[in-house]
Amino acid sequence: MNIKIRNTLAEIIGALIAISWMWLHLTEASIMTIESVSKVLAQGIGISIILIIILHIVFNILSSIISGQYEKDIDDERDKIYELYALQLSSVIFGISIVTTLVLLGWFNLSINTGLIAITFAGFIGSIISLFLKIYLYR
């Protein structure tokens, strides 16, 4: 498996685990205070970062053990173009979700807790979708 695809899969798995963890801890978000919701979301983002780093290391070690060689991560122009496409898609998804959340907050009296959760999850979902685009382009 290509190192780019392995690293992208590690990012997807880390983000999905963090989203699942946050979802489980936000089951009673309607009665939680904004401080407790913010704390759960910040912990989820931290968990995601730590998991992604750990999964990168584990996937690369396992790949080196299985293949018997160390694969270098080399970027070329094509890789940079793929990353720009993924970044554009992520930005569009996140931008649309921010505007939608702000409209819901302003005109439809969405609670601030729900808006905060929606913005955070939109960032994760936009990132995951862009990572799937990168896998599609790398294959």
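Just so you know, these numbers come straight off a predicted model, no measurement behind them.
- Evaluation of the side chain to side chain donor-acceptor pair (under 3.5 Å) rule for Ser111 yields Thr114 as partners, not counting sequence neighbours.
- Hydrophobic clustering (side-chain heavy atoms under 4.5 Å, transitive across Ile, Leu, Val, Met, Phe, Trp, Tyr) groups Ile5 together with Tyr136.
- Hydrophobic clustering (ILVMFWY, side-chain heavy atoms < 4.5 Å, transitive): Ile96 and Phe108 are in distinct clusters.
- When all heavy atoms are compared, the tightest approach of Phe59 to Ile13 is CZ-CD1, 3.8 Å.
- Residues Met22 and Ile31 do not share a hydrophobic cluster, clusters being chains of Ile/Leu/Val/Met/Phe/Trp/Tyr side chains in contact below 4.5 Å.
- Contact annotation: the side chain of Ile135 approaches that of Ile12 to within less than 4.5 Å [non-hydrogen atoms, C-beta and beyond].
- A continuous path of ILVMFWY side-chain contacts below 4.5 Å connects Met32 to Ile34, so both sit in one hydrophobic cluster.
- For the atom pair NZ (Lys4) and OH (Tyr82), the distance works out to 11.5 Å, reported to the nearest 0.5 Å.
- Interatomic distance, CZ of Phe124 versus CH2 of Trp23, reported as 14.0 Å (0.5 Å rounding).
- To the nearest 0.5 Å, the span separating CD on Glu83 from OG on Ser90 amounts to 12.5 Å.
- The distance from atom CG of Leu116 to atom CG of Leu110, rounded to the nearest 0.5 Å, is 10.5 Å.
- Here the side chains of Trp21 and Leu16 are not in contact, with every heavy-atom distance at 4.5 Å or above.
- Two residues are said to be in side-chain contact when any heavy atoms from C-beta on lie closer than 4.5 Å; Leu137 and Ile81 fail this criterion.
- Counting heavy atoms of neighbouring residues, nucleotides and ligands inside a 6.0 Å radius, atom OH of Tyr138 exceeds 12 of them.
- Of all non-hydrogen atoms in Phe121 and Ile19, the two that sit nearest each other are CZ-O, 4.1 Å.
- If you take OG on Ser130 and CD1 on Ile93, they are separated by 7.0 Å, rounding to the nearest 0.5 Å.
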Go through Thr100 and Ser97 one step at a time and tell me if the side-chain hydrogen bond (donor to acceptor under 3.5 Å, both in side chains) criterion holds.
-> CA-CA 5 Å; Thr100 304; Ser97 63; over 6 Å; no
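- When the shell of 6.0 Å around OH of Tyr85 is examined, it contains 12 or fewer heavy atoms from other residues, nucleotides or ligands.
- In this structure the side chain of Ile128 never reaches within 4.5 angstrom of the side chain of Glu11, judged on heavy atoms.
- Listed by chain and residue number, nothing satisfies the side chain to side chain donor-acceptor pair (under 3.5 Å) test with Glu28 (two or more places apart in sequence, or in another chain).
- From Ile98, atom CD1 reaches atom CD1 of Ile119 across 4.0 Å, with rounding to the nearest 0.5 Å.
- Side-chain contact check for Asn7 versus Ile52: every heavy-atom pair is 4.5 Å or farther apart.
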